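First up is the structure itself, then whatever we jot down about it.
The structure displayed is predicted, hence computed values, not measured ones.
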Number of protein chains: 2
Amino acid sequence: MTPNLFTIPEPDGTGEHVTPLASGKGFRIERIVSRGDVTPAGSWYDQDEDEWVVVLQGRGIVENDRGERTVLEVGDTLFLPAHLRHRVVETSRTPPCIWLAVHGELPGPGY
Amino acid sequence: MTPNLFTIPEPDGTGEHVTPLASGKGFRIERIVSRGDVTPAGSWYDQDEDEWVVVLQGRGIVENDRGERTVLEVGDTLFLPAHLRHRVVETSRTPPCIWLAVHGELPGPGY
């Protein structure tokens with residue numbers, strides 16, 4: 001059984017903590033704990049797979065290259081279609097921001 | 001934007017409320033609000049896709065046909081591989097049990 005989503009690692013100065021939670025046929029799920037961590041200036045995520053996120057604790061802000069900015073409080077969700085360039089521009093430090101992220105997995109030879 | 005996961009419908013006597021949240025290539029995500037609802041006696045879920053669930057409010061208990069019983073409190077998660085027969089045997093009523101469920105989607109002609 002994976003750890004409870006609200007049992008989070010102590011800060012250790014290394015930035016975000018990413019914990020893989022599950023990997024099924026079609027998807028991969030991880031928990032991300034951020035404490036003020038953001039995407040480095042000038043960088044964007046540009047992913048081959050669809051992604052969906054929810055904030056479970058704290059607060060996070062995501063922007064995309066269309067100029068849209070989404071503030072996510074606890075329980076707020078966001079769908080990020082493949083190749084929508086996006087970045088995290090703010091995360092809360094107290095309390096830490098807990099994200100749950102679902103990534104689509106493109107079918108490989110196993111399908 | 002989908003509604004906040006903690007904004008739930010009023011009880012209306014019709015049983016569980018299932019709200020589709022997102023559908024990406026490889027996965028489908030829904031929120032399920034249960035108030036004491038359980039899988040009918042003698043029935044099992046037997047699904048072609050992998051599933052992953054987390055309880056976000058309240059409490060739920062799932063059992064499988066291997067005799068394993070998992071109690072899920074807030075933040076607890078469970079992976080249900082395809083064709084593991086399972087059923088929900090208990091959900092809290094106060095507060096209502098809020099589940100987040102991720103279903104794998106088998107590739108169709110669009111892949």
Any chance you could measure A/Ile29, atom CD1, to B/Ile29, atom CD1, to the nearest 0.5 Å?
7.5 Å
Roughly how far apart are B/Asp48 CG and A/Lys25 NZ, rounded to 0.5 Å?
11.0 Å
Under 4.5 Å between side-chain heavy atoms, hopping through other hydrophobics if needed: is there a path connecting [X] to [Y]?
X: B/Trp99; Y: B/Val18; answer: yes
X: B/Ile8; Y: B/Leu21; answer: yes
X: B/Phe6; Y: A/Phe6; answer: yes
X: A/Val62; Y: A/Leu84; answer: yes
X: B/Leu78; Y: B/Tyr45; answer: no

With a 4.5 angstrom heavy-atom cut-off, which part of B/Ser23 approaches chain A: side chain, backbone, both or neither?
backbone
Could you please spell out the steps behind the side chain to side chain contact (heavy atoms under 4.5 Å, CB included) verdict for B/Asp50 and A/Phe27?
CA-CA 9 Å; B/Asp50 292 334; A/Phe27 62 85; 4.1 Å; yes
Under a 4.5 Å cutoff for heavy-atom pairs, which residue among B/Gly104, B/Pro81, B/Ala82 has the most contacts with chain A?
B/Gly104
Considering residues at least two apart in sequence or located in another chain, which fulfil the side-chain contact (heavy atoms from CB on, under 4.5 Å) criterion with A/Thr94?
none
What residues of residues 51-61 of chain B sit under 4.5 Å from chain A when only non-hydrogen atoms are counted?
B/Glu51, B/Trp52, B/Val54, B/Leu56
Given A/Leu80, A/Leu5, A/Val74, A/Leu100, the one with more heavy-atom pairs under 4.5 angstrom with chain B than any other is A/Leu5
